[in-house]
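What you see is a predicted model; the values in this text were computed from it and never measured.
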Amino acid sequence: MSVDVVILAAGQGSRMKSALPKVLHKVGGKSMVQHVIDTAAQIEHASLHVVIGHGADQVQSLLESQSVQVALQAEQLGTGHAVAQAMPAVTDSGITLVLYGDVPLIQLATLQQMVSLASEGALALLTVSLSDPTGYGRIVRDNASGAVRAIVEHKDASPEQLSITEVNTGILALPSAYLKQWLPQLSANNAQGEYYLTDIIAMAAAQQVQITALQPQAEQEVQGVNNRVQLAELERWYQQQQAQTLMLAGATLADPARIDLRGSLTTGQDVYIDVNCVFEGTVVLGDNVVIESNCSLKNTTVGSGCRIKANSVLESAVLADDCEVGPFARLRPGTQLAANAKIGNFVETKKAVVGEGSKINHLSYVGDAVLGRGVNVGAGTITCNYDGVNKSLTEIGDGAFIGSNSSLVAPVTIGSMATVGAGSTITKNVAAEALALTRAKQAQLDQWPRPQKKADKGDS
Ligand code: UD1
Ligand code: CA
């Protein structure tokens, strides 16, 4: 059966105190509404609709490249009114599932359960029991049968109803034909003067439609975000879940409370990750990789047996097996290390292809460069790749040795097994196996008398 998923994302979210629309705030590096879209898109035969209003331009630009239909709710007249904006694009014969752009961590399994109940003709309602139900719509049940009769909003509830602890999460699923019949019957005759979606529950009860309340596996699944405190709470829970998944997949985390994953991290066997590491985008770590403390890896692939030492930053880099990086190294986009390469402390690389077993161990900048195998780049070596206008390439052949504190002014090629003397500024190509050096000859004056302080000529 076809499923139309209506995601409400028109609200202002004023308590976020932000210029950014609430649903664009991120959990685990991904906007809340994107979490909902990604989860809902996994439902079979689903078409997605997002209702936007506040900050519509910003939300819409996120949605542009995605297969979702957008409905504009120009004025926020309530959740019932919001759902109604999407209905013209909803097929009569299917099911409608209502989700919220600010309830990001809803799980697929829960939604599938709801869809299957609704496909049997029921209205499936997701509820939770809260020790403090303040602010939520209360689930009113029949005293005798326990059947759900209605939802009463907090502001409309009697003192007796306020003591009910079972509350509406807002998430529901039902045959679309019912929704199309009931939505036009909503009135705004209530404490908030809004068209409440929740009023359809009493309509369903009156029409003897089966109403089935079910509960999520974890409370956080249905937790909405209204302010940044709640955002941070969900973020922590999300990170804990991800840390657990990593550990169950065989990675050792020095402290599961001190890892942040904003994207996807794939780990081989026996990976060890020390504290305070941040992973962004798509990161892949091979077997036996060690990531020491305070490292940041973004869109990077690390081969088996590599060790990334403390305080290193890697972005869009690809490392073959058994490389060593850091401490305090910065691998920028386009860095490719062949097996056994070593990048040491205070070294920056960019668009640098480093051959097998080559070493850049101390205080260097190597950018727009191709290094062969077994190259040794001495401390403080700089590839001068930029003349202020153009970037040029430095090529270093197999087994070349670059003395410390050398400047290689690109475009330039150092032949294989060539040697560059320390402190040289290399502006011309160096032939294979040659020695090139540009430093001035050292002078020496023996028994040189040091200057003396001049006698004071003043009269004081
Ligand atoms: C709603 C439910 C309440 C439930 C609670 C769970 C109704 C009437 N009440 O209350 O039973 O316990 O959620 O959090 O449905 N939105 C729009 N357009 C609107 C109004 C709201 O898109 O005109 C969106 C908001 O952006 C938000 C969601 O709908 O994502 C819920 O709106 P909100 O005003 O927070 O509803 P509550 O009063 O919390
Ligand atoms: Ca709310």
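Side-chain contact annotation: T383 with N385, donor-acceptor N/O pair under 3.5 Å absent. A donor-acceptor contact closer than 3.5 angstrom is absent between the side chains of Q69 and S47. Of the N and O atoms on the side chains of Q34 and D38, at least one donor lies less than 3.5 Å from an acceptor on the other residue. One side chain, K22 or N226, offers a donor N or O that lies under 3.5 Å from an acceptor on the other. Q215 and T127 form a side-chain donor-acceptor contact under 3.5 Å, judged by distance and modelled atom types alone. Side-chain contact of Q242 with Q239: a donor-acceptor pair under 3.5 Å is present, judged by distance alone.
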For T427 and V412, what are the C-alpha separation, side-chain angles and deciding distance, and is it a side chain to side chain contact (heavy atoms under 4.5 Å, CB included)? CA-CA 7 Å; T427 53; V412 73; over 6 Å; no

Is there a side chain to side chain contact (heavy atoms under 4.5 Å, CB included) between T165 and L130 once you walk through the steps? CA-CA 6 Å; T165 55; L130 297 178; 5.8 Å; no

Assess whether side chain to side chain contact (heavy atoms under 4.5 Å, CB included) is satisfied between N288 and S304, documenting all intermediate values. CA-CA 6 Å; N288 298 304; S304 294; 5.9 Å; no

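Distance check, rounded to the nearest 0.5 Å: CD1 of I171 to CG of L97 gives 7.5 Å. With rounding to the nearest 0.5 angstrom, the CD atom of E153 is 9.5 Å from the CZ atom of R138. Rounding to the nearest 0.5 Å places CZ of R262 at 8.5 Å from OG of S296. Residue Q85 holds its CD atom at 8.0 Å from CG of L77, rounded to the nearest 0.5 Å.
Between V225 and the options H25, M32, E235, a side-chain contact (heavy atoms from CB on, under 4.5 Å) holds for only M32.
Nearest heavy-atom pair, V283 versus L285, reported as atom, atom and distance to 0.1 Å: CG1-CD2, 3.9 Å. Across P104 and Q223, no two heavy atoms sit closer than the pair CD-O, 4.0 Å. Pairing each heavy atom of S31 with each of L24, the nearest pair is CB-O, 3.6 Å. The nearest pair of heavy atoms linking V222 to P216 is CG1-CG, 3.8 Å. The two atoms that bring Y272 and A254 nearest to each other are OH-CB, 3.5 Å, heavy atoms only. Considering all non-hydrogen atoms of both residues, V103 and V36 come closest at O-CG2, 3.5 Å.
Not one N or O on the side chain of Q58 forms a donor-acceptor pair closer than 3.5 Å with the backbone of A56. Under the 3.5 Å distance criterion, the side-chain polar atoms of Y238 are left unmatched by any main-chain donor or acceptor of V27. Without hydrogens or angle criteria, N429 side chain to T413 main chain gives a donor-acceptor distance under 3.5 Å. In terms of modelled atom types and a separation under 3.5 Å, the side chain of N376 and the main chain of F401 share no donor-acceptor contact. The main-chain N or O of M16 is found under 3.5 Å from a side-chain atom of R228 such that the two form a donor-acceptor pair.
No more than 12 heavy atoms of other residues, nucleotides or ligands shown are found within 6.0 angstrom of OH on Y195. Within a 6.0 Å radius of CE in M417, other residues, nucleotides and ligands contribute 12 heavy atoms or fewer. Other residues, nucleotides and ligands place no more than 12 heavy atoms under 6.0 Å from the NZ atom of K351. Other residues, nucleotides and ligands contribute over 12 non-hydrogen atoms within 6.0 Å of the CZ atom of R332. Heavy-atom contacts from other residues, nucleotides or ligands closer than 6.0 Å to NZ of K350 number more than 12.
Within the 4.5 Å cutoff, the side chain of T79 has no heavy atoms near those of the V98 side chain. L99 has its side chain out of reach of V6: every pair of non-hydrogen atoms, C-beta onward, lies at least 4.5 Å apart. Here the side chains of I106 and E221 are in contact, with some heavy-atom distance below 4.5 Å.
Using a cut-off of 4.0 Å between Lys/Arg side-chain N and Asp/Glu carboxylate O, K391 and D368 are scored as not salt-bridged.
Looking at residues two or more places apart in sequence or on another chain, you find a ring-ring contact (aromatic ring centres under 6.0 Å, His included) between F346 and F328.
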